[in-house]
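Written below as structure tokens is the structure these notes are about.
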There are 4 protein chains.
Amino acid sequence: MDGFQRRREQKKVSILEAALALFLKHGVQKISIAEIAKQAKVSQVTIYNYFDSKHNLVHEVFLYYLDLMKEQFFQILDSQMTFPEKIKQIIFTKKEVANNIHEDFYQYIMKEYSTDANYFEKLYEEVALPRLIDLFNQGKQQRFVDPNLSNEAIIFFIQAMNKYIQREEVYQRILPLTEDIMNLVFYGIMGKREEES
Amino acid sequence: MDGFQRRREQKKVSILEAALALFLKHGVQKISIAEIAKQAKVSQVTIYNYFDSKHNLVHEVFLYYLDLMKEQFFQILDSQMTFPEKIKQIIFTKKEVANNIHEDFYQYIMKEYSTDANYFEKLYEEVALPRLIDLFNQGKQQRFVDPNLSNEAIIFFIQAMNKYIQREEVYQRILPLTEDIMNLVFYGIMGKREEES
Amino acid sequence: MDGFQRRREQKKVSILEAALALFLKHGVQKISIAEIAKQAKVSQVTIYNYFDSKHNLVHEVFLYYLDLMKEQFFQILDSQMTFPEKIKQIIFTKKEVANNIHEDFYQYIMKEYSTDANYFEKLYEEVALPRLIDLFNQGKQQRFVDPNLSNEAIIFFIQAMNKYIQREEVYQRILPLTEDIMNLVFYGIMGKREEES
Amino acid sequence: MDGFQRRREQKKVSILEAALALFLKHGVQKISIAEIAKQAKVSQVTIYNYFDSKHNLVHEVFLYYLDLMKEQFFQILDSQMTFPEKIKQIIFTKKEVANNIHEDFYQYIMKEYSTDANYFEKLYEEVALPRLIDLFNQGKQQRFVDPNLSNEAIIFFIQAMNKYIQREEVYQRILPLTEDIMNLVFYGIMGKREEES
DNA sequence: AATGAATGAGGGTTCATTCAT
DNA sequence: GATGAATGAACCCTCATTCAT
């Protein structure tokens, strides 16, 4: 990739990032091309040099976001952390592949972009979920998790955590997700770690 | 309330219902006043006789929806069903107060209407949650639920179920929420009902 | 039709007329909705109360224009004028059905609106042409036209006249279509009227 | 002209040809500089190295087209064909100077470029018409054409043919311009060739 | 000379809202 | 009170043209 290509790629990414930030904060429909242009400090029309339409821009932002998530997800999984640390990292950093995606962004994609929706589901089903279940199985071997816990319960646990994080503001006031509380819930569901005898 | 007032009230409700139906199906931002007017079979201007602005209309639709939910929620709670039946009703009918509200409707309100958002949170915290915890405590007494299960775990269970229902299409394919599965998960987390001896 | 309807119809016609005048003078593509709005002395958006889109507006303008032409064409045909007078009227007033239509308007319709194009062709073929051939047959009976003149030659004569009128500015300078010249050509082709003996 | 100049000239011509092809097919207004650049396989800006503006480009394309037409017109006239063959060639190949030019291209020029329009008219009047009349006079001498046929009638005949060709699709359905029909009309108007005795 | 990138102006269209009856 | 008509502002997008390399 030569200098031209590289600079072009950089500008494209800077537009993607500007758009992503705004979409996550305000929702896709509320954000106009003009606002993205302003945030990315380019002219409105320049955006059309990189993306065919707003529709196409949203599509690429979505893929870009999934990539970011995926990368961070794998970094955590492949790290040297202990099982509980990994779980907490995944949940607290909101970085689990595609599942932690902001709810309204997710809803928008699901309604308006059937191709993206299918891609997302496949990714979740074929990439994220197996690796999460793997992780929990390691947790079982290391006796962090009750070996009898079903896969279904594991998935439920993850959903519940996600839900909490999404509605952070509401739930934080009602039942703050402090580390203590999380441990309580976590081990309540996972089963207390059996003392090694 | 005289005849005039009554007719006025009826027309207002018919507008609210038209708007609600469209908002739930397509989202608030996608629906224009013109579409609501058409659905409610009134002129656009008539809507402005009952509501100051679209903003105000959304606000009233939201309150109207909460009222509907509350009513149905209480109906279930006050019915003669057994504990597991009530739980299933609440979850499967998607009618739990304010929590099961359509996600994008919810997101819109949370972003755009701080007053409504506060009202919703208060309602959830002060009305729905206590009654749900009550319900589970009854479940504990009737030995449907493990008496040691913490309130926090209960809330988590509810969140997880909600999540499942919201993302119905995705999760149905990955892990279909059949009644069998639900029972499995349910008693996995709740603790199996101890047989009365 | 009540007062409301009538006023609505009038405004619609006034928009059609404004658009038609501009289209004929400058061509369809050059004229913006804003310019039509200004000419019709309405707001730009008002036009969208009457027409779904510019495409639809052009379509209706076209039909409106055909109607105008048809009406004037029939008026001439049904009048008490002599054969040569009718011919001259039709040609000089540019009012022959759909054939005298301004060339660029015609070209635009033919390229962009296949339905309209088909409708136009049918109208020309089924309404205008038969009546023109009728007219010439009357001319033959009245001995204004050589009885041996074929229908094909008649059609050619009409085409040539139209061509002249369309490119008026050019041809007027090269070979001005004065009445004298027209008579010359006319009888040159039609055959001189035989003196009644 | 040195190598640089020659290459420059070639590129200019390739742009002209790309533009001409697109203009004839889609009309001047519909074609953007971007489309011409793409068709000519150069960058947009390159076009501005050769032409000051789109306006100027259209102007030069027009002149280029006239030159092409003129050349082909003279080739036919100067060939060894018989009179009727020449006539048919001119008409059927649509290559008569400037008169057979695509109608919307012509209309555009006439409306937007008064200089070009004047140039075109002059060319038609001073170059094409005299040569056509010459041709017919040869036809008269060779007894292909009735010697009494006036110049005006000749011009009319040409116009009618042009008209037919322009509205090919319409007229082909109504009165197909087969060679038989053409001969019929032709000799109907021109007068049958008198058999040499 | 040639190009990728950038842009101001303008086009069609939608929408929440107001006017006039 | 109800409605058809009207509108200013904004949105997505296109285009001829210029900038910077």
Side-chain angles (χ1 to χ4, degrees), chain A residues 2-5 7-8 10-12 15 29-37 40-58, chain B residues 4 7-8 11-12 29-37 41-58, chain C residues 2-5 7-8 10-12 15 29-37 40-58, chain D residues 4 7-8 11-12 29-37 41-58:
Chain A
D2 63 4
F4 274 125
Q5 281 294 325
R7 239 170 301 138
R8 184 176 170 81
Q10 279 168 4
K11 178 147 278 186
K12 187 170 183 177
I15 293 172
Q29 301 197 49
K30 261 257 176 137
I31 295 303
S32 69
I33 296 285
E35 284 165 307
I36 296 168
K41 282 171 188 158
V42 299
S43 134
Q44 218 181 126
V45 186
T46 298
I47 291 178
Y48 286 90
N49 273 334
Y50 295 92
F51 307 95
D52 288 345
S53 61
K54 190 185 180 185
H55 191 91
N56 174 249
L57 171 59
V58 173
Chain B
F4 275 124
R7 243 172 295 138
R8 183 173 168 82
K11 182 158 271 186
K12 187 171 182 178
Q29 302 199 47
K30 267 235 170 160
I31 296 302
S32 68
I33 295 286
E35 284 166 305
I36 296 167
K41 283 170 189 162
V42 298
S43 114
Q44 278 193 57
V45 186
T46 299
I47 292 178
Y48 284 87
N49 278 332
Y50 294 94
F51 308 95
D52 289 345
S53 63
K54 190 186 181 185
H55 192 89
N56 173 249
L57 171 59
V58 174
Chain C
D2 63 4
F4 274 125
Q5 280 296 324
R7 241 169 299 139
R8 183 176 171 81
Q10 280 169 5
K11 178 147 278 184
K12 186 171 183 178
I15 294 172
Q29 301 197 51
K30 261 257 177 139
I31 295 302
S32 69
I33 296 285
E35 284 166 307
I36 296 167
K41 283 173 188 156
V42 298
S43 134
Q44 216 182 129
V45 186
T46 298
I47 291 178
Y48 285 89
N49 274 332
Y50 295 91
F51 308 94
D52 288 345
S53 60
K54 189 184 181 186
H55 191 91
N56 174 249
L57 171 59
V58 173
Chain D
F4 275 122
R7 243 171 296 136
R8 183 173 168 80
K11 182 158 273 188
K12 186 171 182 177
Q29 303 200 47
K30 266 236 171 159
I31 295 302
S32 68
I33 295 285
E35 284 166 306
I36 296 167
K41 284 171 186 159
V42 298
S43 113
Q44 279 191 57
V45 186
T46 300
I47 292 178
Y48 284 88
N49 278 331
Y50 295 93
F51 307 94
D52 289 344
S53 62
K54 191 186 180 184
H55 192 88
N56 174 248
L57 171 59
V58 174

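Just the heavy atoms: all of them, side chains too, but no hydrogens, waters or symmetry mates, feed the values below. Order of the sequence lines fixes the chain letters, A, B, ..., with proteins taken first and strands second; residue numbering starts at 1 for each chain.
- Scanning for side chain to side chain donor-acceptor pair (under 3.5 Å) contacts around A/Lys11 gives an empty result, with sequence neighbours left out.
- As a whole-Å value, the separation of C/Lys12 NZ from F/dG4 P is 16 Å.
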Inset, instruction - Could you run through nucleotides 9-14 of chain F and give me one letter per nucleotide, 5' to 3': B if any protein heavy atom sits under 4.0 Å from the base, S if only the sugar-phosphate is that close, - if neither? - result: B-SSBB
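- Smallest separation of non-hydrogen atoms from D/Glu35 and D/Lys30: OE1-O, 3.4 Å.
- Shortest non-hydrogen contact noted between C/Lys54 and C/Ile31 is NZ-O, 2.7 Å.
- We find that CG of B/Asn49 is positioned 14 Å from C1' of F/dG4, with the value rounded to whole Å.
- Side-chain N/O atoms of A/Ser43 include one lying less than 4.0 angstrom from OP1 or OP2 on E/dT7.
- Of the residues near DNA chain E, D/Val42 and A/Lys41, the one whose nearest nucleotide (by heavy atom distance) lies more toward the 5' end is D/Val42.
- Considering all non-hydrogen atoms of both residues, B/Ala34 and B/Gln44 come closest at CB-NE2, 3.6 Å.
- As judged by a 4.0 angstrom heavy-atom cut-off over every strand, B/Phe51 is placed among residues making no nucleic acid contact.
- The side chain to side chain donor-acceptor pair (under 3.5 Å) check on D/Ser53 picks up nothing, with sequence neighbours excluded.
- Look at CD1 on D/Ile47: it is 15 Å from C1' on E/dA1, rounded to the nearest Å.
- For C/Phe51, the side-chain contact (heavy atoms from CB on, under 4.5 Å) test picks out C/Lys12, C/Ile15, C/Leu16, C/Ile47, C/Asn56, C/Leu57, C/Glu60, with sequence neighbours left out.
- Here the P atom of nucleotide F/dT17 and the OH atom of D/Tyr50 are 18 Å apart, to the nearest Å.
- The bend of the helix from E/dA2-F/dT21 to E/dT21-F/dA2, defined by the angle between the axes of its first five and last five pairs, stands at 30° to the nearest 10°.
- Of the candidates E/dA5, E/dA2, F/dT7, the closest approach to any side-chain atom of A/Lys11 belongs to E/dA5.
- When the side-chain nitrogen and oxygen atoms of C/Thr46 are compared with OP1 and OP2 of F/dT7, one or more of them lie within a distance under 4.0 Å.
- We find the CG-OG1 distance between D/Asn49 and D/Thr46 to be 6.0 Å, quoted to the nearest 0.5 Å.
- Taking the side chain to side chain donor-acceptor pair (under 3.5 Å) definition, one finds that A/Ser43 meets it with nothing, sequence neighbours left out.
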